Amino acid sequence: MQSTYQSWGNFPKVSQRIRSIPWRKKPLLLPETPDTVLAHGLGRSYGDVCLNNNGILLTTRKLNRFIQFDVDEGVLRCEAGVSLAEILALCVPQGWFLPVTPGTQFVTIGGAIANDVHGKNHHCAGTFGRHVLQFELLRSDGERLLCTPTSNEPYYAATIGGLGLTGLITWAEIKLKRISHRAMQVESIQFSQLDEFFELSQQSDQDYDYTVAWLDCNNSQALGRGIFFRGNHVAADEIPKDWKLPRFNRLPPLLRTMPINLPGFVLNRWTISAFNTFYYKKTRQSQLIDYQPFFYPLDAILEWKRLYGKNGFLQYQFVIPDHRMLKEILQKIVASGLGSFLAVLKTFGELASPGLLSFPRPGVTLALDFPIKGAVTFELLAQLDEKVREMGGAVYPCKDARLSARHFQAFYPQWTKFAEYIDPRFSSSFWRRVTETPLCVKS
Amino acid sequence: MRKILIIGATSAIAQETAKLFAEKHDALFLVGRDVDKLEAITADLKVRGAHQVAYYTLDLNEFDQHEPMLEQAYKSLEGLDTVLIAYGTLDDQKACEQDFAQAEQALRTNFMSVVSLLTPIANRLEKQHYGCIAVISSVAGDRGRQSNYVYAAAKGGLSLFLQGLRSRLHSANVCVLTIKPGFVDTPMTTNFKKGALWAQPETVARGIFRAIKWRRNVIYLPWFWRFIMMVIRLIPEPLFKRMKL
């Protein structure tokens, strides 16, 4: 069946056949043709790591069963297509939380492993991959590898952050984090320049499990202003009795869905600037909020990608080891006037990931959205790639749709070692682009 | 806590409905053909909170195995109050037209085998004076169309059977629910082009769950199919036979 599966950024537009994988114990039964395949969960990757132009997508959303949940130890085993939202719905009422969560809960656990995602607690918990105890990797030749830190170790390391190229993850087991209540104690602090951010970040990393900042990238007069958020889970006995769940989360999904693609002109320099100023001026102190709006503010508006119109958008996330160089990049972005709606700033910690091709590394990371305004957008990002390379940083594949092979290979020199573990039948649009290999496997 | 028997438990709609029961801590007895699939579903339902889950493998075309299965279900659940029958095949109409053996198989699976199951189930529930029987029929059974009239005949026959059974069991305080889903995005319909009328199995499952709770008689899922089928039934036969439906 031909399909119109796209990724979250709505770019690039591709065409691929779909094959649903509903049962984990059944063989893959790949077609005789040399077409390549790629696992696809909820398609929340922004660019093309989850796409396989002219190939086959193995959709894993029907692999959404739990297998075992040890409530005493907090060890959960489930199929690869289970979403983080489904895990939270099961675990939070029983006093457990995801060890690491990205900014959306609408990703599958297979996708979280394949992109080795990180969250607001990277400075104390590292990446998602650090909490994966074991998983099963189904290779195209039918072999099933049980991967743990001690068995099939090379495949364990290659698959964590391996962009789905090493085979199909059928199930995985993760270690959860103990919580006693779903609420979070959150503080938001304004800062007016980057140095203040780094100071806040350094102070907070000790005492707060979760830290992140929002940064205004639009206003050249106020470069480096933003809001720093820090939070912790709260003990149940610290919760006032009249505390209630926020009302918005209880609305039915239809009322929370962005219904149409907004026309491209709605988000322009002035509206975004106005939004940023409004957001900055909105002062808040310490407050008790539910974990949902703290971790997933954008999940409240389903299909929010439609804000950017039908042309779609690019997200750009990079890490650089030396935070003093961040200003230079920021100035370049502000000068371009290509406007980023949302800019998220965080310092990564020292904890290393078991993943061979993982993105996070010590330093400071910034993530920004760029509505696609044609060649100028791509040109700017290419220039940023070059800056990031000079500074010894890297760009996040999970969010990328346009990185050149040269830059990818500079950011991830270990890619040749990683390539030894790629399943010969698996490929992706992303991988072909950044390694410049032809479409089909060689017979 | 309900004691629920699900026949055809590996179908997409049955799986989604079973999850809703599991979240309510009901006890479940699953019947299907494939051990691997039943095992996967059983584990999932246990994690989701089911009070107990057991499974039983059976090819439902073996009619003489129906009674022993039911016996086992009663033993395992220590009683029975809800039955969901959720299996079926969507056979190739063209093949059924050419070959009676194919048509017979379609009728056996979609109609005869359900009657064979319902006979002992109805008798037991009638005797115990409580319970609910929910059976998945289809909107296709509301009118015979040239594109799938063998399937329609089986489902239409099933709907009529259930109508009569409902009336018979009413005085015994047993409800009989006829579920008529429209187009549902399941493995049974993998090869169909999907459009705006298609529903996800989760949506249909929620409808079934509610209908069982409220002891409804006939439900269309999603709801708008009631009106679509009303219009289709109203088309006069002289006109209908000329339509390429």
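Numbers restart at 1 for each chain; the letters A, B, ... are given by sequence-line order, proteins then strands. Source: prediction; values computed, not measured.
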Heavy-atom distances under 4.5 Å only: say whether K19(B) touches chain A with side chain, backbone, both or neither. side chain

Just wondering, more than 12 heavy atoms not from R33(B) lying within 6.0 Å of its CZ? no

Does any heavy atom of chain A fall under 4.5 Å from the side chain of P187(B), the backbone, both, or neither of them? neither

Heavy atoms under 4.5 Å from chain B: which residues of residues 57-71 of chain A carry them? K62(A), N64(A), R65(A), F66(A), I67(A), Q68(A), F69(A)

In this structure, are over 12 heavy atoms from other groups packed under 6.0 Å from K24(B) atom NZ? no

What part of T10(B) is in contact with chain A, defined as an atom under 4.5 angstrom from a non-hydrogen atom: side chain, backbone, both or neither? both

K37(B): which of R24(A), K25(A), K26(A) passes side chain to side chain contact (heavy atoms under 4.5 Å, CB included): K26(A)

Is the closest side-chain heavy-atom distance between D34(B) and W23(A) below 4.5 Å? no

If I measure from the heavy atoms of chain A, does I41(B) come under 4.5 Å with its side chain, its backbone, both, or neither? both

Crowding at CE, M229(B) (>12 non-hydrogen neighbours, <6.0 Å): yes

Which bit of E23(B) comes within less than 4.5 Å of chain A, counting heavy atoms only: side chain, backbone, both or neither? neither

Could you tell me whether K75(B) atom NZ has more than 12 heavy atoms of other residues or ligands within 6.0 Å of it? no

